[in-house]
Amino acid sequence: MGSVVDAPVVVEEVAENMLGDKKVTVVFVLGGPGSGKGTQCANIVEHFGFTHLSAGDLLRAEIKSGSENGTMIENMIKEGKIVPSEVTIKLLQDAMIKNENDKFLIDGFPRNEENRAAFENVTKISPAFVLFFDCSEEEMERRLLGRNQGRVDDNIETIRKRFKVFVESSLPVIEHYNAKDKVKKIDAAKPISEVFEDVKAIFAPYAKVA
Ligand SMILES: Nc1ncnc2c1ncn2[C@@H]1O[C@H](COP(=O)(O)OP(=O)(O)OP(=O)(O)O)[C@@H](O)[C@H]1O
Ligand SMILES: Nc1ccn([C@@H]2O[C@H](COP(=O)(O)O)[C@@H](O)[C@H]2O)c(=O)n1
Ligand SMILES: [Mg+2]
């Protein structure tokens, strides 16, 4: 009988970032409320062929659909609180599976450590990088109060709660990825077109081939 030392080493290959039989590229787009995540994601979709999945938009669509979780989600959003991870991850995973694309911008997720760890555990997907829109609260507040999209959370009381959640729960997620050298920070206080110039430089490797 051979010794343990002689035993062949079996390396189990873990297929990374697979979604069914599709290999996917995921970029997490983070930043405070009103930092311009949705605005810049629309530009990235147009120029670089990614699909934009906003966690907040998916949750709002779930409320509209009359789902059994609708009332709970609506109450959490009104309070600026983070919806349980399993709900949001299921929406994101379903949206990625339904879509034929293999490049996704996941906007507004992960919002806390629980979101981050649960997404990794459930999907086994790690982001290629994290795009972080950095902006002052004063500027974000001004933008949110002028947004006029009828969002139930664009009022000063909820905006303050969202800022607190961002600092206490979301910044640690950005720190987590920063420690892994995965964060690409953008000065989001500049005008929209200037912010996009900086974004474009980051996405250059993903340029569509004509
Ligand atoms: N660089 C910018 N300069 C000025 N206004 C901006 C800029 N970027 C976005 N805006 C405006 O600010 C508002 C908020 O932008 P957007 O919805 O993209 O932010 P967000 O980060 O997705 O916010 P939320 O987290 O609340 O969804 C919008 O009215 C948008 O037109
Ligand atoms: N991962 C997430 C993302 C969002 N929410 C809830 O939705 C609200 C709006 O999100 P936006 O990204 O559109 O600003 C947010 O304040 C949360 O209540 C969430 O729970 N989890
Ligand atoms: Mg948004």
Side-chain angles (χ1 to χ4, degrees), residues 26 28-46 52-64 67 69-93 95 104-120 122-123 127 130-174 186-200:
V26 164
F28 288 150
V29 182
L30 299 177
S35 56
K37 301 180 294 294
T39 303
Q40 296 299 333
C41 282
N43 287 334
I44 300 165
V45 166
E46 194 185 325
H52 176 210
L53 298 177
S54 153
D57 287 351
L58 289 169
L59 290 167
R60 283 182 284 273
E62 189 68 0
I63 299 171
K64 277 212 185 119
S67 119
N69 285 322
T71 307
M72 177 276 288
I73 297 172
E74 188 168 23
N75 289 334
M76 302 289 274
I77 288 182
K78 277 184 187 156
E79 285 300 311
K81 291 184 179 161
I82 298 171
V83 172
S85 298
E86 66 265 26
V87 173
T88 317
I89 290 169
K90 170 104 178 56
L91 293 172
L92 287 168
Q93 217 177 6
F104 296 96
L105 299 168
I106 301 197
D107 160 4
F109 184 98
R111 246 351 196 257
N112 62 9
E113 185 53 24
E114 192 214 355
N115 271 183
R116 186 197 65 72
F119 184 84
E120 254 174 45
V122 172
T123 67
V130 174
L131 190 62
F132 167 39
F133 290 108
D134 188 29
C135 194
S136 69
E137 285 193 2
E138 191 189 21
E139 173 63 13
M140 294 193 292
E141 184 181 305
R142 196 183 60 72
R143 290 180 189 175
L144 292 173
L145 291 175
R147 182 156 56 180
N148 285 327
Q149 286 178 359
R151 277 179 51 164
V152 293
D153 53 352
D154 278 353
N155 58 79
I156 193 61
E157 201 187 327
T158 313
I159 287 170
R160 299 243 156 97
K161 290 179 182 167
R162 290 157 72 198
F163 286 163
K164 192 166 187 292
V165 168
F166 177 70
V167 171
E168 290 177 358
S169 304
S170 309
L171 275 180
V173 174
I174 295 165
I186 297 271
D187 176 2
K190 297 194 280 189
I192 294 174
S193 58
E194 289 181 31
V195 175
F196 190 54
E197 284 306 308
D198 295 344
V199 169
K200 267 203 280 197

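We count ligands from 1, going down the list as the structure has it; atoms in each ligand are counted the same way.
- For atom 7 (O) of ligand 2, the nearest non-hydrogen atom of the protein is I77 CG1, 3.6 Å.
- Nearest to atom 17 (O) of ligand 1 by heavy atom, out of R162, M140, R147, Q149, is R147.
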Trace of the salt bridge (Lys or Arg N to Asp or Glu O under 4.0 Å) decision for R142 with E138: CA-CA 6 Å; R142 196 183 60 72; E138 191 189 21; over 6 Å; no
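- The closest approach between S35 and ligand 1 falls below 4.0 Å for a heavy atom of the residue.
- Using a 4.5 Å heavy-atom cutoff, the side chains of L144 and R162 are in contact.
- In the displayed structure, K161 atom NZ is contacted under 6.0 Å by more than 12 heavy atoms of other residues, nucleotides or ligands.
- Contact detail for C135 and M140: the closest heavy-atom pair is O-CE, 3.6 Å.
- Atom numbering of ligand 1 starts at 1 in the shown order; those under 4.0 Å from a heavy atom of L144 are 26 (O).
- With hydrogens left out, the protein atom closest to atom 10 (O) of ligand 2 is R111 NH2, 3.2 Å, a heavy atom.
- Using a cutoff of 4.0 Å between basic side-chain nitrogens and carboxylate oxygens, E139 and R143 are scored as salt-bridged.
- For ligand 2 and R162, the ligand atoms under 4.0 Å from any heavy atom of the residue are 14 (O).
- For atom 13 (O) of ligand 2, the nearest non-hydrogen atom from the set K37, R60, E114 comes from R60.
- Between V173 and R111, the closest heavy-atom pair is CG2-C, 4.3 Å.
- When heavy-atom distances to ligand 2 are checked against a 4.0 Å cut-off, R151 comes that close only through its side chain, counted from C-beta outward.
- Looking only at heavy atoms of the protein, atom 5 (N) of ligand 2 is closest to L59 CD1, 3.4 Å.
- Side chains of I82 and S169 form a contact here, defined as non-hydrogen atoms less than 4.5 Å apart.
- In this structure, the protein non-hydrogen atom closest to atom 25 (O) of ligand 1 is K37 NZ, 2.7 Å.
- For a threshold of 3.5 Å applied to N or O pairs, the pair formed by K81 and ligand 2 contains at least one separation below that value.
- Closest to atom 11 (C) of ligand 1, if we only count protein heavy atoms, is R143 CD, 4.3 Å.
- Classification of E141 and R160 as a salt-bridged pair holds, one side-chain N sitting under 4.0 Å from a carboxylate O.
- Ranking protein heavy atoms by distance to atom 7 (C) of ligand 1, first place goes to I192 CG1, 3.3 Å.
- Taking every heavy atom of both residues into account, V83 and N115 meet most closely at O-ND2, 4.3 Å.
- Considering backbone and side-chain atoms together, V83 places an N or O closer than 3.5 Å to an N or O of ligand 2.
- The heavy atom nearest to atom 3 (C) of ligand 2, considering only S169, P33, G31, G108, is found in G108.
- Looking at V87 and M72, their side chains come closer than 4.5 Å, going by heavy atoms from C-beta outward.
- Residue contact check: P33 has heavy atoms under 4.0 Å from atoms 25 (O) of ligand 1.
- Look at E79 and you'll find every heavy atom at least 4.0 Å from all atoms of ligand 2.
- Residue T39 has at least one N or O atom closer than 3.5 Å to an N or O atom of ligand 1.
- One finds no salt bridge joining K81 and D153 here, because no Lys/Arg side-chain nitrogen approaches an Asp/Glu carboxylate oxygen to under 4.0 Å.
- The 12-atom threshold is exceeded at NZ of K190, counting heavy atoms of other residues, nucleotides or ligands nearer than 6.0 Å.
- Considering all non-hydrogen atoms of both residues, D154 and L145 come closest at O-CD2, 4.4 Å.
- Residue-ligand proximity, N115 to ligand 2, at heavy-atom distances under 4.0 Å covers atoms 1 (N).
- Remark: minimum distance from atom 23 (O) of ligand 1 to any protein heavy atom is reached at G34 N, 3.0 Å.
- For atom 19 (O) of ligand 1, the closest non-hydrogen atom of the protein is G36 N, 3.3 Å.
- Contacts with ligand 2 closer than 4.0 Å are made by side-chain heavy atoms of D153 only, the backbone lying farther away.
- If you number the atoms of ligand 1 from 1 as listed, the ones under 4.0 Å from a heavy atom of P191 come out as 1 (N).
- For the pair V29 and I106, the minimum side-chain heavy-atom distance is 4.5 Å or more.
- Using a 4.0 Å cut-off between heavy atoms, D107 makes no contact with ligand 2 at all.
- For the side chain to side chain donor-acceptor pair (under 3.5 Å) test with D107, the passing option among K37, H52, Q40 is H52; the others fail.
- The nearest heavy-atom contact from the protein to atom 1 (N) of ligand 1 is K190 O, 2.8 Å.
- Those atoms of ligand 2 that come under 4.0 Å of a heavy atom in I82, given as number and element, are 20 (O), 21 (N).
- Heavy-atom contacts of R151 reach the following atoms of ligand 1: 24 (P), 26 (O), 27 (O) (cutoff under 4.0 Å).
- Less than 6.0 angstrom separates the ring centroid of F28 from the ring centroid of F119.
- For ligand 2, the atoms sitting less than 4.0 Å from at least one non-hydrogen atom of G56 are 10 (O), 13 (O), numbered in the order shown with element in parentheses.
- You'll find the side chain of F166 stays beyond 4.5 Å of the side chain of L30, heavy atoms only.
- Distances between N or O atoms of G38 and those of ligand 1 include at least one value under 3.5 Å.
- When only interatomic distances are considered, the shortest N/O to N/O separation between R111 and ligand 1 does not fall below 3.5 Å.
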